[in-house]
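The structure appears right after this line, and notes come after that.
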Amino acid sequence: MFSYVIRRLLYSVPILLGVLVLTFLLFRVNQEPRTIAMLAKGEKADERVLQEFIERQGLDKPMPQQLVRFVWDAVTLNFGESWRTGRSVTETFRQGVGPSLLITIPGFACGVIAALGLALYQVFVRNSGMDRGLTIFCVALMSVPSIVYIIFCQAVLALASNYFPASGFDWRGFGTLRFLVLPIGIMAIVNLGYDGRLFRAVFLEEIAHDYVRTAQAKGLPSS
């Protein structure tokens, strides 16, 4: 197991370097420095502003030198400043990581727990009308794009009913929960269909193994 983890980590190094080089080629080689500066500062920006941006970002340097700087900044986590806002990218990440983790981790956990419970119940009542109905329900959830859930919940529960904030975030103790409940619920619902179907298939395959039938033959109840 330890050697497998080491191999995977070693394999990831050339993959990450390849992604960095490909990203650099896509965004730098086919565009002139002035074009990049105009995209960042606007087409009506003063020529002096464009030239200062080009020099500050090193866009006037040879391509190999730009590539080395680009890779080195990525490896050292020096993401510089946003070309749009002028703010530090690292500071932007730091401000957003807290709210993001408060949504993604509970949302993932709630989605997995709900899908596990649904799948276990379906296996317990397998081949029944309830099982088929829940399967249709999961397929229906899978068929609806996630953006539909987001727009519907924002329109009905946030904007129309004013139960939850439609946007933003605020650190106010228990008041923060008002900003978390809706996105966590949406995240759990979005993943319920996919995970429920997957877990059901895994459980059905598992209970068909010989060791399960042997345990049941010796008197172990199925529930």
Original post:
Do Trp72 and Thr76 touch side chain to side chain, with heavy atoms closer than 4.5 Å?
Top reply: yes
Subject >> Residues that Gln154 engages under side-chain hydrogen bond (donor to acceptor under 3.5 Å, both in side chains), provided they are two or more places apart >> reply: none
**OP:** Could you list all the salt bridge (Lys or Arg N to Asp or Glu O under 4.0 Å) pairs where at least one residue sits in residues 95-121, not counting sequence neighbours?
**Re:** none
Original post:
For Tyr121 and Val125, what are the C-alpha separation, side-chain angles and deciding distance, and is it a side-chain contact (heavy atoms from CB on, under 4.5 Å)?
Top reply: CA-CA 6 Å; Tyr121 179 74; Val125 298; 3.9 Å; yes
**OP:** With sequence neighbours excluded, tell me which residues meet side chain to side chain contact (heavy atoms under 4.5 Å, CB included) with Gln65.
**Re:** Lys61, Pro62
Original post:
For Val71, what residues pass the side chain to side chain contact (heavy atoms under 4.5 Å, CB included) criterion, not counting sequence neighbours?
Top reply: Leu17, Leu20, Leu67, Val75
Report, one line per pair, each donor and acceptor closer than 3.5 Å where one atom sits in a side chain of residues 133-153; sequence neighbours left out.
from   : atom 1 : to     : atom 2 : distance (Å)
Thr135 : OG1    : Gln122 : NE2    : 3.0
Thr135 : OG1    : Asp131 : O      : 2.8
Ser143 : OG     : Val139 : O      : 2.7
Tyr149 : OH     : Leu141 : O      : 3.1

Original post:
Hey, any chance Val68 and Val21 share a hydrophobic cluster, counting ILVMFWY side chains that come within less than 4.5 Å of each other, even indirectly?
Top reply: no
Original post:
Do Leu182 and Val156 share a hydrophobic cluster (ILVMFWY, side-chain heavy atoms under 4.5 Å, transitive)?
Top reply: yes
Original post:
Can you name the ring pair (Phe, Tyr, Trp, His ring centres under 6.0 Å) partners of Phe70, sequence neighbours left out?
Top reply: Phe24
**OP:** For Met63, look at atom CE and say whether over 12 heavy atoms of other residues, nucleotides or ligands are found less than 6.0 Å away.
**Re:** yes
Could you pull out all donor-acceptor pairs under 3.5 Å where a side-chain atom in residues 98-118 meets a protein atom, sequence neighbours excluded?
from   : atom 1 : to     : atom 2 : distance (Å)
Ser100 : OG     : Gly96  : O      : 2.7
Thr104 : OG1    : Ser100 : O      : 2.9

Original post:
Got a sec, which residues hit salt bridge (charged side-chain N to carboxylate O under 4.0 Å, His left out) with Arg132, two or more places apart in sequence or on another chain?
Top reply: none
